[in-house]
Amino acid sequence: MIRLDGVTVAYRGRAVVRDVDLRISAGERVALIGPNGAGKSTLLKAVTGLVTPVAGSVELAGRPIRAMSRLAIARTIAVVPQQAILPFATRVEDVVALGRLPHEDPFRGAGPADRAAIAAAIERVGLGHLLGRDARELSLGERQLVLLALAVAQAAPVLVLDEPTVHLDLRHQVEAMDLLVDLNERDATTIVAVLHDLGLAAHFFPRLILLDHGRVVGDGPAAEVLAEDRIRDVFGVDPAHVRLGV
């Protein structure tokens, strides 16, 4: 579903992602982990076509992403960013409805299938109590859940998330992770998430990809990728202080 060959991404001449080769199959659930500045978010941007590599190639569902239109990309991959700026008053349900734009008839607008998908996404994420509210007035955690519902409504076969739990309290972190597992196992959605919480990554994701200084330095199950020597070398902390549950 996602293929990167020799991908290097640079900002102002400085390489942030370096010569990455990566394969993610349809239906996988993968967490990208690593210290700050490791290149995780930049790698996601390359996967979604938001940045163009200075070297290498990116394929999405077997097609070079550089040859795909933004509409084709939006029908294939949904994105939940760390934070979204809402420049004007927008009701929660209208934000969620944006997820249907890649599927709507450009002349007739939302149809019954789109409205059903919006309602189902709101129910699945548990946003019924927020309907009618201005999304700008919500807490950061509530806004994050709205963005997650938008992505669910988009119904793309691939869902990528950049720190989806960063603004959530403990209960909502677990609920969000449970939702990702459900989307993956029940809907066969391919999930790729950037996570800083190693415990959540180890517990909820069968495959972890560890980045350090823009390179992949570990790829596999948590027990292998988060070996004590690797935690010490990459994160610079005593493994005894890290709770993984693996």
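Atom set for the values below is all heavy atoms of this structure, side chains included, hydrogens, waters and symmetry mates excluded. Index from 1, following the sequence.
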Engineer: How close do Arg75 and His103 get, counting heavy atoms only, and between which atoms?
Structural biologist: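 Closest heavy-atom pair between Arg75 and His103: CG-CE1, 4.3 Å.
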Engineer: Heavy-atom count around Glu185 CD within 6.0 Å, excluding the residue itself: above 12?
Structural biologist: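 Yes, enclosed.
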Engineer: Do any N or O atoms from the side chain of Ser69 and from the backbone of Ala72 form a donor-acceptor pair under 3.5 angstrom?
Structural biologist: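 Here the side-chain-to-backbone pair exists.
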Engineer: Compare all side-chain heavy atoms of Leu140 with those of Glu142 and state whether any distance is below 4.5 angstrom.
Structural biologist: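 Not in contact.
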Engineer: side-chain contact (heavy atoms from CB on, under 4.5 Å) for Val17 and Leu4? Distances and angles first, verdict last.
Structural biologist: CA-CA 12 Å; Val17 171; Leu4 281 70; over 6 Å; no
Engineer: Taking all atoms of both residues into account, what is the closest heavy-atom pair of Gln173 and Leu200, and its distance?
Structural biologist: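 Reported closest heavy-atom pair: OE1-CD1, 3.6 Å.
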Engineer: Please report the closest heavy-atom contact between Asn184 and Gly27, naming both atoms and the distance.
Structural biologist: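 Nearest heavy atoms, Asn184 then Gly27: ND2-O, 3.0 Å.
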Engineer: For Val51 and Thr42, which heavy atoms make the closest approach, and how far apart are they?
Structural biologist: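 Nearest heavy atoms, Val51 then Thr42: CG2-O, 4.1 Å.
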Engineer: Tell me whether Asp21 is salt-bridged to Arg215, with the criterion being a basic N under 4.0 Å from an acidic carboxylate O.
Structural biologist: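 Salt bridge absent between Asp21 and Arg215.
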Engineer: Is Glu104 reaching over with its side chain to a backbone N or O of Asp114, donor-acceptor style, under 3.5 angstrom?
Structural biologist: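 Between the backbone of Asp114 and the side chain of Glu104 there is no qualifying donor-acceptor contact (under 3.5 Å).
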Engineer: Using atom types as modelled and distance alone, determine if a side-chain donor or acceptor of Arg100 lies under 3.5 Å from a backbone N or O of Ala153.
Structural biologist: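 Indeed, once roles are kept as given, a pair shorter than 3.5 Å links the two residues.
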Engineer: Between Arg63 and Glu59, does any side-chain N to carboxylate O distance fall below 4.0 Å?
Structural biologist: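 No, Arg63 and Glu59 are not salt-bridged.
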Engineer: If you count every heavy atom of other residues, nucleotides or ligands that lies below 6.0 Å from His167 atom NE2, does the total exceed 12?
Structural biologist: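 Yes, the 6.0 Å shell around NE2 holds more than 12 heavy atoms from other groups.
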Engineer: Could you check whether atom CD of Glu123 has more than 12 heavy atoms from other residues, nucleotides or ligands sitting under 6.0 Å from it?
Structural biologist: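 Check fails, neighbour count at 12 or below.
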Engineer: So which atom in Pro164 and which in Gln144 form the shortest heavy-atom distance, rounded to 0.1 Å?
Structural biologist: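 The pair with the smallest heavy-atom distance is O-CG, 3.3 Å.
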Engineer: Taking Arg133 for the side chain and Leu138 for the main chain, is one N or O donor matched with an acceptor at less than 3.5 Å?
Structural biologist: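 Flag not set: sc Arg133 to bb Leu138 has no pair under 3.5 Å.
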Engineer: Would you kindly confirm whether Val7 and Val217 end up in one hydrophobic cluster when ILVMFWY residues are joined by side chain heavy atoms under 4.5 Å apart?
Structural biologist: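 The answer is no; the residues belong to distinct hydrophobic clusters.
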Engineer: Using a strict cut-off of less than 4.0 Å between a Lys/Arg side-chain nitrogen and an Asp/Glu carboxylate oxygen, indicate whether Asp94 and Arg91 qualify as a salt bridge.
Structural biologist: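 Yes, this pair counts.
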Engineer: Less than 4.0 angstrom from a charged side-chain N to a carboxylate O is my criterion; do Asp219 and Arg207 meet it?
Structural biologist: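 Result for this pair is yes, salt bridge flagged.
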Engineer: Are Asp169 and Arg171 within salt-bridge range, i.e. N to O under 4.0 Å?
Structural biologist: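 Here Asp169 does not pair with Arg171 in a salt bridge, since their nearest N and O are not under 4.0 Å apart.
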Engineer: With a 6.0 Å cut-off (strictly less than), is the heavy-atom count around CZ of Arg66, excluding the residue itself, greater than 12?
Structural biologist: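 Atom CZ in Arg66 is not packed in, count stays at 12 or less.
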Engineer: Give a yes or no on whether a salt bridge exists between Lys45 and Asp162, defined as a side-chain N under 4.0 angstrom from a carboxylate O.
Structural biologist: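 Asp162 and Lys45: not salt-bridged.
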Engineer: Are any of the side-chain nitrogens in Lys40 or Asp212 under 4.0 Å away from the carboxylate oxygens of its partner?
Structural biologist: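 Not counted as a salt bridge, because no side-chain N and carboxylate O are separated by less than 4.0 Å.
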Engineer: Quick check: is Val192 connected to Val9 through a chain of hydrophobic side chains (ILVMFWY, heavy atoms under 4.5 Å apart)?
Structural biologist: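 As far as the 4.5 Å side-chain criterion goes, Val192 and Val9 are connected within one cluster.
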